[in-house]
Amino acid sequence: MSERYDFVSIEARAKSKWAPEMYRVSEDRQARKFYCLEMFPYPSGALHMGHVRNYSIGDVLARFLRMNGYNVLHPMGWDAFGLPAENAAIQHGTHPARWTWSNIAHMKSQFGMLGTSYDWDREVTTARPDYYRWTQWLFLLMYGRGLAYRKRAAVNWCPKCATVLANEQVEGGLCWRCDSAVGLRELEQWFLKITDYADRLLSDLDRLPGWPERVRTMQENWIGRSEGVELVFPVAGTGEPIPVFTTRHDTVYGATYLVLSPEHPLVDILLARHPDPETAAFVRRARATDPSRRTDEDLVKEGIATGARALNAFSGEEIPIWIGNYVVHAYGTGAVMGVPAHDQRDLEFAGKYGLPVRVVIQDPGHTLTASTLREAYVEAGTMVASGPFTGLPNSEGKERIADFAEKHGLGQRRVNYRLRDWLISRQRYWGVPIPVVYCDHCGIVPVPEDQLPVVLPLDIEVAPGPSPLAQLDAFINTHCPSCGGAARREVDTMDTFIDSSWYFLRYCSPGDQERAFDPRKADYWMPVDQYTGGIEHAILHLLYSRFITKVVHDAGLLKVDEPFVRLLTQGMVVHHGAKMSKSKGNVVSPDLLVKQYGADALRLLILFAAPPEKDLEWSEAGVEGASRFLQRVFRVVTAHAEEEDGPGSSLDGAAEELVRFVHRTVKRVSEDVGRRRSFNTAISALMELTNAIYRYRDQVPRPHRAATTEALEKLVLMLAPFAPHLGEELWERLGNKGSVHLQAWPGYDQHLAASGDLIVVVQVDGKVRERLTVPAELGMVEVQVLAMASERVQAHLAGKTIQRVVAVPGKLINIVTS
RNA sequence: GCCGGGAUGGCGGAACUGGCAGACGCAGGGGACUUAAAAUCCUCCGGGUUGACGCCCGUGCCGGUUCGAGUCCGGCUCCCGGCACCA
């Protein structure tokens, strides 16, 4: 009666064997370092399947690289500030801190359950003063470098979260967290000048070949660089300059009007000069439209003439100035020139309001006429009706007009970005206090570094409505660090994305009391060699982290200026075709699965079922398959271990073939996990090896002892990163001492892996007609002779003339007939 | 509209540099063991055709390059993701 695979006791035994110091690391300049990082979780309550996937990937890599001799930094922590804690506090009458700490405790125990290999000595928690003190320090660093500033602006406001949001956190006009429609509010808020870094954030994407194309493209789109010219149109009569940004300055002779955004400062000036109730009403209405509807495609393009005119210095004409609801104030200069013939939007606008259309770029194919133009012509062509530039190809005209504008003070070349500065103020309690006080005498005064942290008071009541900080006099009232007089503290907290945009630096020296991170240690560990996390952070967290890293680099505190060398964005875990969520009722609990099948089976399945970057459709049957495989491994190792020791039968052909198979598998798995990060194929290779071992043992009366031991030991070593508990158990049962996770990754003999019999395909005219099993050492000339001798091949060659023979060594022979 | 990614058996997927399409697993059919079941093992499993050996077709669609295309090129269709009155 053979023993069954009892994962409950095996996993408990393995865990009891693992000491915390097993994965503890320090800087070792002799060893090759590897920083293996997974996005730390928000402590929302419990780990879900998405987490299991994320952290299984990271754990396999960390264990694999450790076995390969790397000094692996593999830390974990908690992105612990955030709104859900406040909402939970309101709902359940608890405190955000208590809710957060208890979630962390539970989730940490779940990590233990999964058997992940973290250096827990490096645990960071963003909501603890020993961490957020340095988040505040980072803010001061940026303030000192002119990268943090306060500005009154119309900002995104989520009514449900009762706070403002950064542009990146508004998705299609809706709040990224709660999907409420976002409105606009005119508020004075703190911003970080990420736009100063727009160019570098864009161009340095080229230095990230280890990132998925998809993510780089998304960041590229988000930054939205466009090259053009800012042309100045003076107001006729008064001469006030109206700069407009355009990428089509080659069409400037076709500009027949200007359009200002409703928020443009000149609008109020012109209105004051020529009061008109209709225009005033239009402006009021346009300004009140919230941003979610403003960028709506269905928004009707509307405008109104101001009556004022501006000079088109190129054509010498005076053209009307309009106000239009479709002009985005925050982009460019908030004013555009209207060229109906060569811009679809302008053509529609001109059509609606009877503005003149003038063709200035001619289609080389067929001649365009302004009166019959139904679609704007936006392709390349020859410039016409464009003064001295007439006759030029428009691409050349573009350069000439830009040169001309710069020479005559009519405008300048400019680069514009879609990216906006990062709004970081949040009208919420559970976050990092912005370390600033407001003094009637001195104005905005940053809290000096030696007075950090500005502690978030914990003795508060969280209730719906405004942040409790804003009502807490004991917090608000303070002294000015500069003049000592009475002053008020900033009551807003920081966007929690700041917390997570530098945590990878803190992991390098988590206990440092003197500074955010020790540069010597950070320079050792950074950059993160492999970062794993969800695609949903393609812009948000990943762009912010790149920005902060560059700032810290520029401050001379860090050698690297890109944080993540290689990025793996894992796909979602879906169930019944939809992302798992409580509201859809399709959630599968990892705890339950661990109870039913064990952590090893769960980890194995989640890596086996799909390549890491693809979405994974959850299947209950799959986990049974994974469990079945582990049982097969368990049974064969146990059977072998129980067999009498001894030489077994001699090293015959079958045993030799097994050894070759082992070496081939080690090669495959090493490449799949190491170079390709292809865990699903690595696991399938391990399954094939297991099948081969079974086949061998069935084939011979007494298996060759050494060959079988080698096969099983290597199988167990390679399985260990995926199924760490079973790996540990079986390593011991094979008679080995010490943890399997501290062993060296098995090597393989290149020659052995490439030796043995192989199958060469013989084609006639590209169609497979024969498969020859030949020794790998056999030359292709000999193989060709065998191929020609084949009856089947001969049958297909009957009556044909051989024209040529293509031979691919070790693979195929193709006999081509005429 | 622009940009990026994708489409392979009943299902998840494999085929890495142009060289055996469907590895590995799931589901299913048949069988062995068993009083029976579970577990385990063996076997079949893209379509058509054949008594059989085989032969023909087949990687979203149309065409091309090549001795040879799931893979490369051109043109489409559909799906997913990002951006979008950004001038």
Side-chain angles (χ1 to χ4, degrees), chain A residues 2 4 171-172 212-226 228 244-249 251 259 294-299 301 324-339 342-346 348-349 378 416-419 535 538-539 605 608-611 613-626 628-629 631-632 635 668 671-672 675-676 678 680-688 690-691 694 698 759-771 791-792 795-796 803-808 810-817:
Chain A
S2 69
R4 279 189 53 83
E171 294 166 351
E213 181 73 34
R214 188 154 76 117
V215 176
R216 282 185 295 172
T217 307
M218 280 163 77
Q219 293 213 353
E220 216 173 286
N221 286 345
W222 187 259
I223 295 166
R225 179 190 156 98
S226 76
V244 306
F245 177 73
T246 177
T247 54
R248 292 301 308 275
H249 36 286
T251 65
V259 195
R294 241 187 204 205
T295 52
D296 201 325
E297 220 173 317
D298 309 328
L299 180 86
K301 278 189 197 82
N325 64 350
Y326 67 95
V327 178
V328 179
H329 184 63
Y331 184 77
T333 61
V336 297
M337 62 181 199
V339 186
H342 306 291
D343 183 293
Q344 191 56 32
R345 291 158 302 179
D346 294 347
E348 284 163 26
F349 192 79
V378 296
N416 255 309
Y417 298 93
R418 216 189 67 94
L419 182 72
I535 185 74
I539 295 170
L605 170 77
F608 176 65
E613 55 292 321
K614 274 191 79 165
D615 282 355
L616 185 155
E617 172 67 35
W618 176 255
S619 109
E620 188 79 21
V623 73
E624 282 181 34
R628 207 173 299 158
F629 165 64
Q631 290 181 43
R632 266 171 77 73
R635 273 200 312 271
R668 274 177 71 189
E671 284 174 5
D672 280 355
R675 173 174 58 88
R676 305 208 303 147
S678 175
N680 53 330
T681 53
I683 293 167
S684 79
L686 293 178
M687 288 173 168
E688 284 180 65
T690 306
N691 294 344
Y694 268 89
D698 281 350
I759 294 167
V760 174
V761 169
V762 185
Q763 299 181 332
V764 177
D765 290 326
K767 294 199 170 175
V768 179
R769 298 304 183 187
E770 178 70 288
R771 293 180 170 90
E791 257 175 63
R792 283 185 201 158
H796 284 278
Q803 204 185 18
R804 60 185 282 210
V805 176
V806 180
V808 181
K811 287 227 167 113
L812 141 159
I813 285 177
N814 187 11
I815 303 162
V816 185
T817 67

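Here is how names work: the chains are called A, B, and so on, in the same order as the sequence lines, proteins then strands, and each is numbered from 1.
Of the two residues near RNA chain B, A:K811 and A:L616, the one whose nearest nucleotide lies more 5' is A:L616. Residue A:E617 is the one, among A:E617 and A:V761, whose nearest nucleotide of RNA chain B lies closer to the 5' end (criterion: closest heavy atom).
No side-chain heavy atom of A:V623 sits under 4.5 Å from any side-chain heavy atom of A:F608.
For B:rG1, the paired base is B:rC83 (Watson-Crick or G-U wobble, both distances below 3.5 Å). With a 3.5 Å ceiling on both atom-pair distances, B:rG51 lacks any Watson-Crick or G-U wobble partner. B:rA14: no Watson-Crick or G-U partner with both key distances under 3.5 Å is found in any strand. Pairing for B:rG19 is with B:rC67, a Watson-Crick or G-U wobble pair whose two hydrogen-bonding atom distances lie under 3.5 Å. Partner assigned to B:rG28 is B:rC44, using Watson-Crick or G-U wobble distances below 3.5 angstrom. Shown here, B:rC78 forms a base pair with B:rG6; the pair counts as Watson-Crick or G-U wobble because both key distances fall under 3.5 Å.
In this structure, A:P212 reaches neither bases nor backbone, as no heavy-atom distance under 4.0 Å exists between it and the strands shown. Within the nucleic acid shown, A:Q763 comes within 4.0 Å of at least one base atom, counting heavy atoms only. Among the protein residues, A:D698 comes within range of no part of the nucleic acid, since none of its heavy atoms lies under 4.0 Å from any strand. Looking at heavy-atom distances under 4.0 Å, A:F349 makes no contact with the nucleic acid at all. A:G332 comes within contact range of no nucleotide atom at all, as no heavy-atom separation falls under 4.0 Å. A:R769 comes within contact range of the sugar-phosphate backbone alone, with a heavy-atom separation under 4.0 Å but no base atom that close.
When the side-chain nitrogen and oxygen atoms of A:R668 are compared with OP1 and OP2 of B:rA15, none of them lie within a distance under 4.0 Å. Proximity of A:R214 to the phosphate of B:rC3: no side-chain N or O atom is located under 4.0 Å from OP1 or OP2.
Rounding to whole angstrom units, CZ of residue A:R804 and P of B:rG68 are separated by 9 Å. Rounded to an integer number of Å, the gap from A:M218 CE to B:rC80 P is 16 Å.
For A:F349 and A:Y326, the ring centers are positioned less than 6.0 Å apart.
Evaluation of atom-type donor-acceptor distances gives a pair under 3.5 Å for the side chain of A:N814 against the base of B:rC67. Between the side chain of A:R675 and the base of B:rC16 there is at least one donor-acceptor pair of N/O atoms closer than 3.5 Å.
A salt bridge is defined here as a Lys NZ or Arg NE, NH1 or NH2 lying under 4.0 Å from an Asp or Glu carboxylate O, and A:D343 with A:R345 meets this definition. Electrostatic pairing of A:R676 and A:D672 counts as a salt bridge here, judged by a charged N lying under 4.0 Å from a carboxylate O.
Distance from the side chain of A:H796 is smallest for B:rC55 among the nucleotides B:rC3, B:rC24, B:rC55.
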